[in-house]
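A note on names: the letters A, B, ... follow the listed sequences, proteins ahead of strands, and every chain is numbered from 1.
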Number of protein chains: 2
Amino acid sequence: MFLSIGDLAARTGVKVPTIRYYESRGLLEAPLRSAGNQRRYGRAELERLGFIRHARDLGFSLEAIAALIELQDHPDRACTSATRIAQGQLGAVREKIRRLRALEAELARIAEGCTGDGAARDCYVLASLADHELCARDHSIEARSSTQRS
Amino acid sequence: MFLSIGDLAARTGVKVPTIRYYESRGLLEAPLRSAGNQRRYGRAELERLGFIRHARDLGFSLEAIAALIELQDHPDRACTSATRIAQGQLGAVREKIRRLRALEAELARIAEGCTGDGAARDCYVLASLADHELCARDHSIEARSSTQRS
DNA sequence: GTAGTCTCTCTAGTCACTAGAGGTTCAAGG
DNA sequence: CCTTGAACCTCTAGTGACTAGAGAGACTAC
(Lines give C-alpha, C1' and ligand atoms only; values in the text may rest on other atoms or scores of the structure.)
Protein backbone atom coordinates (compact mmCIF):
# COMPACT_ATOMS: atom_id res chain seq x y z
CA MET A 1 0.00 0.00 0.00
CA PHE A 2 1.85 3.04 -1.26
CA LEU A 3 -0.45 5.84 -2.20
CA SER A 4 0.49 9.01 -4.00
CA ILE A 5 -1.06 12.24 -2.75
CA GLY A 6 -3.52 12.04 -5.65
CA ASP A 7 -4.60 8.53 -4.67
CA LEU A 8 -5.07 9.66 -1.10
CA ALA A 9 -7.13 12.61 -2.29
CA ALA A 10 -9.33 10.35 -4.43
CA ARG A 11 -9.93 7.94 -1.56
CA THR A 12 -10.76 10.51 1.10
CA GLY A 13 -12.39 13.25 -0.92
CA VAL A 14 -9.88 15.79 0.42
CA LYS A 15 -8.26 17.89 -2.27
CA VAL A 16 -4.55 17.57 -2.95
CA PRO A 17 -3.55 21.11 -1.90
CA THR A 18 -5.63 20.69 1.24
CA ILE A 19 -3.66 17.56 2.20
CA ARG A 20 -0.43 19.50 1.84
CA TYR A 21 -1.97 22.30 3.85
CA TYR A 22 -2.88 19.89 6.65
CA GLU A 23 0.68 18.64 6.66
CA SER A 24 1.99 22.19 6.94
CA ARG A 25 -0.37 22.77 9.87
CA GLY A 26 0.89 19.69 11.65
CA LEU A 27 -2.31 17.66 11.39
CA LEU A 28 -0.64 15.08 9.21
CA GLU A 29 2.93 14.00 9.75
CA ALA A 30 5.41 14.41 6.93
CA PRO A 31 5.16 11.12 5.00
CA LEU A 32 7.80 9.00 3.32
CA ARG A 33 9.04 10.23 -0.02
CA SER A 34 9.73 8.47 -3.29
CA ALA A 35 13.19 8.64 -4.87
CA GLY A 36 11.94 11.66 -6.78
CA ASN A 37 10.73 13.45 -3.61
CA GLN A 38 7.03 12.70 -4.01
CA ARG A 39 4.89 11.90 -0.97
CA ARG A 40 3.98 8.25 -0.38
CA TYR A 41 1.24 7.34 2.07
CA GLY A 42 0.18 4.14 3.85
CA ARG A 43 -2.89 2.92 5.67
CA ALA A 44 -2.22 4.96 8.81
CA GLU A 45 -2.30 8.26 6.94
CA LEU A 46 -5.41 7.18 5.05
CA GLU A 47 -7.20 6.60 8.33
CA ARG A 48 -5.97 9.78 9.90
CA LEU A 49 -7.05 11.86 6.95
CA GLY A 50 -10.47 10.19 7.09
CA PHE A 51 -10.70 11.19 10.71
CA ILE A 52 -9.81 14.79 9.90
CA ARG A 53 -12.26 14.90 7.02
CA HIS A 54 -15.04 13.57 9.17
CA ALA A 55 -14.34 16.02 11.96
CA ARG A 56 -14.20 18.92 9.49
CA ASP A 57 -17.56 17.84 8.07
CA LEU A 58 -18.91 18.13 11.58
CA GLY A 59 -17.53 21.66 11.82
CA PHE A 60 -14.62 21.13 14.19
CA SER A 61 -11.81 23.66 13.81
CA LEU A 62 -8.37 22.44 12.83
CA GLU A 63 -7.22 23.39 16.31
CA ALA A 64 -9.87 21.18 17.90
CA ILE A 65 -8.99 18.38 15.51
CA ALA A 66 -5.33 18.67 16.47
CA ALA A 67 -6.32 18.22 20.11
CA LEU A 68 -8.45 15.18 19.24
CA ILE A 69 -5.59 13.62 17.28
CA GLU A 70 -3.22 14.25 20.15
CA LEU A 71 -5.62 12.33 22.35
CA GLN A 72 -5.99 9.55 19.81
CA ASP A 73 -2.24 9.09 19.85
CA HIS A 74 -2.30 8.59 23.62
CA PRO A 75 -5.00 5.95 24.24
CA ASP A 76 -4.19 5.75 27.95
CA ARG A 77 -5.29 9.28 28.71
CA ALA A 78 -8.75 10.11 29.92
CA CYS A 79 -11.11 11.13 27.15
CA THR A 80 -12.53 14.03 29.14
CA SER A 81 -11.16 16.61 26.76
CA ALA A 82 -12.55 14.84 23.69
CA THR A 83 -15.98 14.94 25.23
CA ARG A 84 -15.51 18.57 26.17
CA ILE A 85 -14.47 19.48 22.62
CA ALA A 86 -17.45 17.65 21.11
CA GLN A 87 -19.85 19.25 23.56
CA GLY A 88 -18.34 22.65 22.88
CA GLN A 89 -18.90 22.13 19.18
CA LEU A 90 -22.47 21.01 19.82
CA GLY A 91 -23.08 24.11 21.90
CA ALA A 92 -21.63 26.32 19.18
CA VAL A 93 -23.84 24.68 16.54
CA ARG A 94 -26.93 25.14 18.69
CA GLU A 95 -26.08 28.76 19.29
CA LYS A 96 -25.62 29.32 15.57
CA ILE A 97 -28.99 27.74 14.86
CA ARG A 98 -30.63 29.93 17.46
CA ARG A 99 -29.19 33.08 15.94
CA LEU A 100 -29.95 32.05 12.40
CA ARG A 101 -33.56 31.43 13.29
CA ALA A 102 -33.97 34.96 14.60
CA LEU A 103 -32.36 36.18 11.40
CA GLU A 104 -34.59 34.02 9.27
CA ALA A 105 -37.71 35.48 10.87
CA GLU A 106 -36.55 39.04 10.33
CA LEU A 107 -35.37 38.45 6.79
CA ALA A 108 -38.58 36.70 5.85
CA ARG A 109 -40.54 39.66 7.17
CA ILE A 110 -38.38 42.11 5.25
CA ALA A 111 -38.16 40.15 2.00
CA GLU A 112 -41.84 39.30 1.91
CA GLY A 113 -42.84 42.87 2.71
CA CYS A 114 -41.69 43.93 -0.73
CA THR A 115 -43.25 42.93 -4.02
CA GLY A 116 -40.18 44.09 -5.95
CA ASP A 117 -42.17 45.97 -8.54
CA GLY A 118 -41.95 49.46 -7.06
CA ALA A 119 -39.26 52.10 -7.18
CA ALA A 120 -36.27 52.02 -4.86
CA ARG A 121 -37.58 55.06 -2.96
CA ASP A 122 -40.54 53.06 -1.69
CA CYS A 123 -38.74 49.78 -1.21
CA TYR A 124 -39.59 48.08 2.04
CA VAL A 125 -36.31 46.16 2.02
CA LEU A 126 -34.27 49.35 1.86
CA ALA A 127 -36.48 51.10 4.38
CA SER A 128 -36.17 48.25 6.83
CA LEU A 129 -32.42 48.22 6.56
CA ALA A 130 -32.22 51.97 6.98
CA ASP A 131 -34.40 52.04 10.05
CA HIS A 132 -33.93 49.51 12.78
CA GLU A 133 -37.15 50.70 14.43
CA LEU A 134 -39.09 48.86 11.76
CA CYS A 135 -37.76 45.56 13.01
CA ALA A 136 -40.07 43.17 14.76
CA ARG A 137 -37.46 42.31 17.36
CA ASP A 138 -33.92 43.15 18.29
CA HIS A 139 -31.63 41.05 16.16
CA SER A 140 -28.47 43.09 16.55
CA ILE A 141 -25.35 41.03 17.13
CA GLU A 142 -26.77 38.07 15.32
CA ALA A 143 -25.00 35.55 13.18
CA ARG A 144 -22.77 36.70 10.37
CA SER A 145 -22.24 34.91 7.12
CA SER A 146 -20.46 31.61 7.33
CA THR A 147 -17.97 29.75 5.23
CA GLN A 148 -19.22 26.53 3.81
CA ARG A 149 -18.03 23.77 1.61
CA SER A 150 -19.59 23.69 -1.81
CA MET B 1 -22.90 67.96 13.85
CA PHE B 2 -19.26 67.13 13.30
CA LEU B 3 -18.40 63.72 14.55
CA SER B 4 -14.95 62.27 14.90
CA ILE B 5 -14.48 58.68 13.86
CA GLY B 6 -14.59 57.71 17.54
CA ASP B 7 -17.93 59.50 18.03
CA LEU B 8 -19.33 57.73 14.98
CA ALA B 9 -18.10 54.41 16.31
CA ALA B 10 -19.72 55.06 19.68
CA ARG B 11 -23.06 56.01 18.11
CA THR B 12 -23.28 53.08 15.70
CA GLY B 13 -21.50 50.33 17.57
CA VAL B 14 -19.12 49.81 14.66
CA LYS B 15 -15.48 49.77 15.67
CA VAL B 16 -13.14 52.50 14.52
CA PRO B 17 -10.85 50.31 12.36
CA THR B 18 -13.95 48.75 10.81
CA ILE B 19 -15.21 52.18 9.75
CA ARG B 20 -11.90 52.87 8.05
CA TYR B 21 -12.08 49.43 6.48
CA TYR B 22 -15.54 50.17 5.07
CA GLU B 23 -14.21 53.39 3.62
CA SER B 24 -11.33 51.52 1.99
CA ARG B 25 -13.85 49.05 0.51
CA GLY B 26 -15.92 51.88 -0.91
CA LEU B 27 -18.98 51.38 1.29
CA LEU B 28 -18.50 54.75 2.90
CA GLU B 29 -17.33 57.74 0.97
CA ALA B 30 -14.17 59.53 2.05
CA PRO B 31 -15.41 62.15 4.55
CA LEU B 32 -14.32 65.71 5.17
CA ARG B 33 -11.12 66.16 7.13
CA SER B 34 -10.18 68.52 9.94
CA ALA B 35 -7.22 70.90 9.58
CA GLY B 36 -5.10 68.14 11.13
CA ASN B 37 -6.30 65.49 8.64
CA GLN B 38 -8.77 63.74 10.94
CA ARG B 39 -12.06 62.42 9.57
CA ARG B 40 -15.19 64.44 10.33
CA TYR B 41 -18.63 62.96 9.77
CA GLY B 42 -22.15 64.35 9.49
CA ARG B 43 -25.67 62.98 9.69
CA ALA B 44 -25.58 61.36 6.24
CA GLU B 45 -22.61 59.18 7.14
CA LEU B 46 -24.19 58.30 10.48
CA GLU B 47 -27.26 57.02 8.68
CA ARG B 48 -25.35 55.17 6.05
CA LEU B 49 -23.19 53.44 8.61
CA GLY B 50 -26.33 52.49 10.52
CA PHE B 51 -27.68 50.96 7.33
CA ILE B 52 -24.48 48.98 6.82
CA ARG B 53 -24.43 47.84 10.42
CA HIS B 54 -28.00 46.69 10.23
CA ALA B 55 -27.44 44.80 7.00
CA ARG B 56 -24.30 43.16 8.37
CA ASP B 57 -26.25 42.09 11.44
CA LEU B 58 -28.64 40.38 9.07
CA GLY B 59 -25.73 38.56 7.46
CA PHE B 60 -25.52 40.41 4.13
CA SER B 61 -22.07 40.39 2.55
CA LEU B 62 -20.29 43.69 1.95
CA GLU B 63 -20.76 43.07 -1.76
CA ALA B 64 -24.53 42.74 -1.31
CA ILE B 65 -24.57 45.83 0.88
CA ALA B 66 -22.69 47.78 -1.77
CA ALA B 67 -25.40 46.83 -4.27
CA LEU B 68 -28.14 47.91 -1.85
CA ILE B 69 -26.43 51.24 -1.24
CA GLU B 70 -26.08 51.78 -4.97
CA LEU B 71 -29.81 51.29 -5.24
CA GLN B 72 -30.49 53.59 -2.32
CA ASP B 73 -28.55 56.33 -4.07
CA HIS B 74 -30.81 55.99 -7.12
CA PRO B 75 -34.37 56.12 -5.78
CA ASP B 76 -35.87 56.13 -9.26
CA ARG B 77 -34.71 52.65 -10.15
CA ALA B 78 -36.85 49.61 -9.64
CA CYS B 79 -36.24 47.83 -6.38
CA THR B 80 -36.26 44.39 -8.00
CA SER B 81 -32.62 43.74 -7.21
CA ALA B 82 -33.03 44.73 -3.55
CA THR B 83 -35.78 42.17 -3.21
CA ARG B 84 -33.68 39.60 -4.99
CA ILE B 85 -30.72 40.21 -2.69
CA ALA B 86 -32.89 39.94 0.41
CA GLN B 87 -34.53 36.77 -0.82
CA GLY B 88 -31.14 35.31 -1.70
CA GLN B 89 -29.95 36.02 1.80
CA LEU B 90 -33.07 34.46 3.24
CA GLY B 91 -32.51 31.34 1.14
CA ALA B 92 -28.89 31.15 2.28
CA VAL B 93 -29.91 31.45 5.92
CA ARG B 94 -32.50 28.72 5.55
CA GLU B 95 -29.99 26.44 3.89
CA LYS B 96 -27.50 27.03 6.70
CA ILE B 97 -30.13 26.21 9.28
CA ARG B 98 -30.99 23.01 7.46
CA ARG B 99 -27.37 21.89 7.40
CA LEU B 100 -26.70 22.88 10.95
CA ARG B 101 -29.66 20.87 12.15
CA ALA B 102 -28.28 17.69 10.57
CA LEU B 103 -24.98 18.47 12.22
CA GLU B 104 -26.61 19.11 15.54
CA ALA B 105 -28.31 15.72 15.49
CA GLU B 106 -25.08 13.90 14.70
CA LEU B 107 -23.01 15.85 17.21
CA ALA B 108 -25.58 15.31 19.93
CA ARG B 109 -25.49 11.60 19.28
CA ILE B 110 -21.70 11.55 19.39
CA ALA B 111 -21.24 13.84 22.37
CA GLU B 112 -23.91 12.22 24.44
CA GLY B 113 -22.65 8.73 23.65
CA CYS B 114 -19.60 9.39 25.78
CA THR B 115 -19.58 9.87 29.54
CA GLY B 116 -16.07 11.34 29.44
CA ASP B 117 -14.78 9.22 32.30
CA GLY B 118 -13.13 6.45 30.29
CA ALA B 119 -9.77 6.20 28.57
CA ALA B 120 -9.18 7.63 25.12
CA ARG B 121 -8.94 4.13 23.62
CA ASP B 122 -12.61 3.49 24.41
CA CYS B 123 -13.86 6.99 23.68
CA TYR B 124 -17.04 7.02 21.65
CA VAL B 125 -16.32 10.52 20.37
CA LEU B 126 -12.98 9.45 18.91
CA ALA B 127 -14.41 6.19 17.57
CA SER B 128 -17.25 8.00 15.85
CA LEU B 129 -14.90 10.43 14.20
CA ALA B 130 -12.57 7.66 13.09
CA ASP B 131 -15.35 5.58 11.56
CA HIS B 132 -18.01 7.19 9.47
CA GLU B 133 -19.96 3.93 9.48
CA LEU B 134 -20.99 4.65 13.03
CA CYS B 135 -22.92 7.70 11.89
CA ALA B 136 -26.66 7.68 11.99
CA ARG B 137 -26.93 9.38 8.64
CA ASP B 138 -24.74 10.81 5.96
CA HIS B 139 -23.69 14.25 6.97
CA SER B 140 -20.71 14.67 4.69
CA ILE B 141 -20.53 18.00 2.96
CA GLU B 142 -22.38 19.73 5.75
CA ALA B 143 -21.90 23.18 7.13
CA ARG B 144 -18.48 24.26 8.20
CA SER B 145 -17.74 26.61 11.06
CA SER B 146 -18.92 30.16 10.60
CA THR B 147 -17.55 33.52 11.48
CA GLN B 148 -19.57 35.43 13.94
CA ARG B 149 -19.48 38.63 15.81
CA SER B 150 -18.67 38.31 19.52
C1' DG C 1 2.56 74.12 28.11
C1' DT C 2 1.83 69.61 28.90
C1' DA C 3 -0.35 65.22 29.69
C1' DG C 4 -3.12 61.90 27.98
C1' DT C 5 -6.24 60.32 24.74
C1' DC C 6 -7.53 60.08 20.11
C1' DT C 7 -6.40 59.70 15.38
C1' DC C 8 -3.40 58.94 11.29
C1' DT C 9 -1.24 55.41 7.83
C1' DC C 10 0.67 51.11 7.01
C1' DT C 11 1.63 46.34 7.54
C1' DA C 12 0.63 41.86 8.96
C1' DG C 13 -2.24 38.35 11.08
C1' DT C 14 -6.66 35.53 11.48
C1' DC C 15 -9.18 30.86 9.35
C1' DA C 16 -9.21 27.24 6.09
C1' DC C 17 -8.34 26.87 2.27
C1' DT C 18 -7.73 27.96 -3.23
C1' DA C 19 -5.24 29.43 -7.40
C1' DG C 20 -1.37 29.95 -10.02
C1' DA C 21 3.63 30.02 -11.58
C1' DG C 22 7.42 27.56 -12.86
C1' DG C 23 9.78 23.45 -12.56
C1' DT C 24 10.39 18.04 -11.77
C1' DT C 25 8.93 13.12 -11.70
C1' DC C 26 6.31 9.32 -12.92
C1' DA C 27 3.86 5.69 -15.73
C1' DA C 28 2.19 4.11 -19.99
C1' DG C 29 2.55 3.56 -24.89
C1' DG C 30 5.37 3.08 -28.98
C1' DC D 1 14.85 3.27 -24.67
C1' DC D 2 12.28 7.36 -25.47
C1' DT D 3 8.61 10.38 -25.46
C1' DT D 4 4.43 12.35 -23.92
C1' DG D 5 1.35 14.09 -20.75
C1' DA D 6 -0.49 13.79 -16.32
C1' DA D 7 0.66 14.21 -11.73
C1' DC D 8 3.72 16.00 -8.54
C1' DC D 9 7.00 19.53 -6.20
C1' DT D 10 7.67 24.32 -3.70
C1' DC D 11 6.47 28.89 -3.16
C1' DT D 12 3.67 32.98 -3.17
C1' DA D 13 -0.51 35.40 -3.10
C1' DG D 14 -5.51 35.85 -2.77
C1' DT D 15 -10.22 35.12 -0.45
C1' DG D 16 -13.82 37.82 3.38
C1' DA D 17 -14.31 40.74 6.97
C1' DC D 18 -12.13 42.24 9.85
C1' DT D 19 -8.36 42.77 14.06
C1' DA D 20 -3.89 44.04 16.11
C1' DG D 21 0.04 46.67 16.47
C1' DA D 22 3.79 50.12 15.35
C1' DG D 23 5.19 54.63 15.15
C1' DA D 24 3.87 59.22 14.41
C1' DG D 25 0.84 63.29 14.61
C1' DA D 26 -3.53 65.89 16.44
C1' DC D 27 -6.71 67.34 19.73
C1' DT D 28 -8.58 68.70 24.39
C1' DA D 29 -8.66 69.83 29.26
C1' DC D 30 -6.20 71.62 32.79
Residues B/D57, B/R53: salt bridge by 4.0 Å N-O rule = yes

Expressed in angstrom and rounded to an integer, what is the separation of B/E23 atom CD from C/dC8 atom P?
-> 9 Å

Report yes if at least one side-chain N or O of A/S4 is closer than 4.0 Å to OP1 or OP2 of C/dC26; otherwise report no.
-> no

A/I5 has its side chain closest, among D/dT19, D/dC8, C/dA16, to D/dC8

So, are A/E45 and A/R48 salt-bridged, with charged N and O less than 4.0 Å apart?
-> no

Picking from C/dT7, D/dC18, C/dT18, which would you name as closest to the side chain of B/V16?
-> C/dT7

Within this structure, what is the CZ-to-P distance between A/R56 and C/dC15, rounded to whole angstrom?
-> 12 Å

Rounded off to whole Å, could you give me the CD-to-P distance for the B/E63 and D/dC18 pair?
-> 14 Å

Report yes or no: does B/D7 contribute a side-chain atom to a donor-acceptor pair with the main-chain N or O of B/S4 at less than 3.5 Å?
-> yes

Would you say B/K15 reaches D/dT19's phosphate, i.e. side-chain N/O to OP1/OP2 under 4.0 Å?
-> yes

Say whether, by atom type as modelled, one donor and one acceptor occur between the side chain of B/R43 and the main chain of B/E47 under 3.5 angstrom.
-> no

Under 3.5 Å, side chain of B/S128 to main-chain N/O of B/Y124, donor-acceptor pair present?
-> yes

Distance in angstrom units between A/R25 CZ and C/dG13 C1', rounded = 12 Å

Spacing between A/R53 atom CZ and C/dA16 atom P, to the nearest angstrom = 16 Å

For B/L27 and D/dG16, what is the distance between atoms CG and C1' respectively, to the nearest whole Å?
-> 12 Å

Identify, residue by residue, the members of residues 44-52 of chain B with a heavy atom below 4.0 Å from DNA chain C, and return them in order of residue number, or none.
-> none

On a heavy-atom basis, the closest approach of B/A111 and A/L90 is CB-CD2, 4.4 Å

Pull out every residue in residues 29-41 of chain B that has a heavy atom closer than 4.0 Å to any atom of DNA chain D, ordered by number, or say none.
-> B/S34, B/G36, B/Q38, B/R40

Whole-Å distance between D/dA13 P and A/R20 CZ?
-> 18 Å

Is the distance from OP1 or OP2 of C/dC15 to the nearest side-chain N or O of A/S61 less than 4.0 Å?
-> no

A/Y21 OH - D/dC8 P separation (whole Å) | 21 Å

Any donor-acceptor pair under 3.5 Å linking the side chain of B/Q89 with the backbone of B/G59?
-> yes

Neighbour count >12 (heavy atoms, 6.0 Å) for atom CD, B/E112 | yes

Of A/I97, A/L103, A/L100, the one forming a side chain to side chain contact (heavy atoms under 4.5 Å, CB included) with B/K96 is A/L100

